[in-house]
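Okay, so here's the structure we're looking at.
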Amino acid sequence: MNRVLRVKLLRLLGPLVAALPALPAPGAEIVGRVELPKAHGAPVKTQNYEVVASSGTIPAPKPLAVVYIDGEFPPTGPAPTVQLVQKGLTFIPALLAIQVGTKVEFPNFDDLYHNVFSFSPPKRFDLGRYRTEDRPVPSQVFDKPGLITLRCEIHSHMRGQILVLNTPHFVVTDESGRFRLAGLPAGKFTVKAWIDSTTTRERTVELLPGATLTVDFP
Amino acid sequence: MRWARAVISVLTAFTGSTAGANDEWLDRLEERLSFSAWDDTLRARLSGLLSLEGYSIAQPPPGLLFTQSDRLFNPRLAVFLNAQVGPRLFGFVQARVDRGFDPSNDRLRVRLDEYAVTYIPWANTPFNVQVGQFATVIGNWVARHDSWENPFINAPLPYEHQTSIYDTEAPLSGREFATFSPGEKYEYNPVIWGPSYATGAAIAGRRGPFELAVEVKNSGPSSRPELWSIAELGFGRPAYAARLGFRPDLRWKLGVSASDSVYFAPGAQHLPPGTGRHDFRQRLLGQDIGFAWRHLQVWAELFQVWFEVPRVGTVRTVAGYVEAKYKFTPQVFGALRWNRQGFSSIDDGAGNRIRWGNSLWRTDLSAGYRFTSRTVMKLQVSGQREATQRERLRMNYAAQFNLRF
């Protein structure tokens with residue numbers, strides 16, 4: 001390309017290039033493992049006054065943890081809608097982490113009734129009984145941070161948890177406690193591992209752009 | 001006073017500012033009372049229901065209440081053991097500590113009320129066999145008869161209103177049969193005695209929207225709790241009952257029930273010479289319907305019951321009710337029930353036709369408040385009017401606190 005052509009091309013593309021936003025710095029990430037508590041006994045399928053009993057077992061709940069960066073962050077966009085379903089006499093997922101303002105739908109995928117309710121102070125609600133095909137799918141918007149314990153009025157063994165957080169930076173561990181929290185801003189933060197209603201562990205970290213930090217919560 | 005202090009302590013602990021913390025504590029207790037072994041093949045869970053209830057009643061006491069006082073306090077602790085071996089074998093036990101199966105002035109006693117083993121022969125076929133001492137398959141009230149599920153404190157009229165049927169003694173005349181003596185209240189029988197935890201076996205199955213359950217028990221639906229145990233009454237005169245159910249979709253449940261049984265207790269006196277208790281039967285035909293959607297639940301049952309009464313003939317009673325519950329908020333619910341029972345006419349022995357029982361109606365109104373997910377308080381007022389010479393409205397009041405763990 002000769003010099004004259006190069007100058008013409010730069011003059012043409014210059015304003016376009018200038019109009020593009022600056023590329024964000026590469027996000028930091030944290031990987032690690034949370035020491036999870038022992039699983040409790042598997043639930044019994046109670047059918048005491050069911051005239052026709054059904055076979056099957058209910059899977060034992062696996063302990064999980066939520067790892068998040070504590071703090072106030074600017075909104076990242078419109079609040080999302082997520083689903084927490086009732087299937088096989090369990091809540092799936094059994095532990096859901098969401099940001100404040102998120103709408104959660106509760107579809108019933110079983111061929112029997114459930115009655116989801118919460119008496120947790122951040123959000124009290126009772127969805128009543130509804131079928132798979134009922135529309136709209138009952139939902140709730142969670143507008144206060146805190147722990148919501150979900151229960152079913154009909155099946156007392158059913159338990160689910162929603163951890164409502166101010167931060168958009170969170171992740172639920174896998175069943176071995178491993179996690180990867182990506183796309184984090186650089187800076188000095190407190191990383192917390194929520195394990196259950198009485199146990200939260202924390203570490204202070206300094207995140208560098210594009211760096212991966214390993215943080216374990218033994 | 002000792003009772004009052006205990007009640008106040010429990011109410012304060014589980015309804016005050018620390019109620020939420022107690023909910024969590026009870027969740028952890030539930031986890032500790034759950035057990036599994038052999039890679040979760042064997043599972044067991046202990047749970048319980050503590051009920052503290054008080055009554056303010058007009059004499060004679062209504063339904064299955066047995067006291068000569070106008071006020072009665074009745075604490076009850078029910079402990080449940082549920083167990084499961086693999087996906088097809090289940091076990092269930094209910095033991096209670098209370099002042100009698102039905103509220104009374106008696107002292108506290110421990111009692112084994114229910115035990116059952118349920119086996120499901122085929123994994124993907126809804127069919128099961130149950131053996132033990134367990135609630136009847138008749139009707140639809142059994143599914144909500146415990147004090148946590150029941151929006152009221154008492155049972156619907158057909159399950160607790162005592163008729164002139166007297167299972168320990170045959171009447172000598174129609175007039176005697178139709179005369180109800182309040183002083184001997186416990187000797188009389190309702191058409192169905194509560195959930196009727198008699199001993200026996202049942203098979204039940206479902207195909208499409210239809211379900212069928214058939215049971216053979218040691219005693220019939222009107223039999224008193226003392227006769228439900230196999231230790232008290234064998235299978236010499238088995239009672240048969242069945243319910244055919246139809247469920248077009250999740251919202252609706254319909255059913256028809258029938259039973260045929262002996263109703264006289266062993267050793268019943270004054271039976272006509274040459275007859276035995278097996279010569280006099282109770283036959284029942286029932287229809288039930290239930291609807292549930294969102295925060296509304298509605299149930300209704302109607303029973304026609306025939307008793308063969310020595311020296312009187314076959315007598316009939318019709319009893320039924322309509323009941324609705326609505327949750328206004330997650331914590332507040334209300335329930336309304338209208339009950340009615342009528343009786344056929346008999347010859348009093350002097351050529352006159354008389355009713356063998358006083359027709360009556362009763363309206364129950366209940367309000368409930370859930371303090372936490374595991375505690376609820378219910379208040380109930382009932383108005384009952386019987387077709388007697390001194391017809392008057394009798395009001396009864398009750399309160400009940402329940403803690404589930």
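A note on names: the letters A, B, ... follow the listed sequences, proteins ahead of strands, and every chain is numbered from 1.
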Region of A:Asn115 that comes under 4.5 Å of a non-hydrogen atom in chain B: side chain

- prompt: What part of A:Pro121 lies closer than 4.5 angstrom to a heavy atom of chain B: side chain, backbone, both or neither?
  reply: neither

field: A:Arg124 versus chain B, the contacting section by heavy-atom distance below 4.5 Å
entry: both

- prompt: When heavy-atom pairs shorter than 4.5 Å are enumerated against chain A, which of B:Asp40, B:Ile120, B:Leu250 gives the highest number?
  reply: B:Leu250

task: Can you measure from CG (A:Leu150) to OG (B:Ser373) and round to the nearest 0.5 angstrom?
output: 11.5 Å

- prompt: Considering the options B:Gln331, B:Lys327, B:Arg294, which one meets the side-chain hydrogen bond (donor to acceptor under 3.5 Å, both in side chains) requirement together with A:Asp126?
  reply: B:Lys327

query: Salt bridge check: are B:Arg206 and A:Glu50 linked by an N-O gap of less than 4.0 Å?
result: no

message: I'd like to know if A:Arg159 pairs up with B:Glu31 as an ion pair, taking the criterion as any Lys NZ or Arg NE/NH1/NH2 lying under 4.0 Å from an Asp or Glu carboxylate oxygen.
response: no

query: side-chain hydrogen bond (donor to acceptor under 3.5 Å, both in side chains) with A:Tyr49: which of B:Glu149, B:Arg144, B:Glu114?
result: B:Glu114

- prompt: What part of A:Leu127 is in contact with chain B, defined as an atom under 4.5 angstrom from a non-hydrogen atom: side chain, backbone, both or neither?
  reply: backbone

- request: Keeping the roles fixed (side chain from B:Arg43, backbone from A:Val44), state whether a donor-acceptor pair exists under 3.5 Å.
  value: no

- prompt: Within 45° of the ring axis of A:Phe117 and under 6.0 Å from its six-membered ring centre, is that where the NZ or CZ of B:Arg370 lies?
  reply: yes

- line: Applying a strict 4.5 Å limit to non-hydrogen atoms, the region of A:Thr198 in contact with chain B is side chain

- line: Most contact-rich option vs chain A, by heavy-atom pairs under 4.5 angstrom, among B:Phe92, B:Phe134, B:Phe80, is B:Phe92

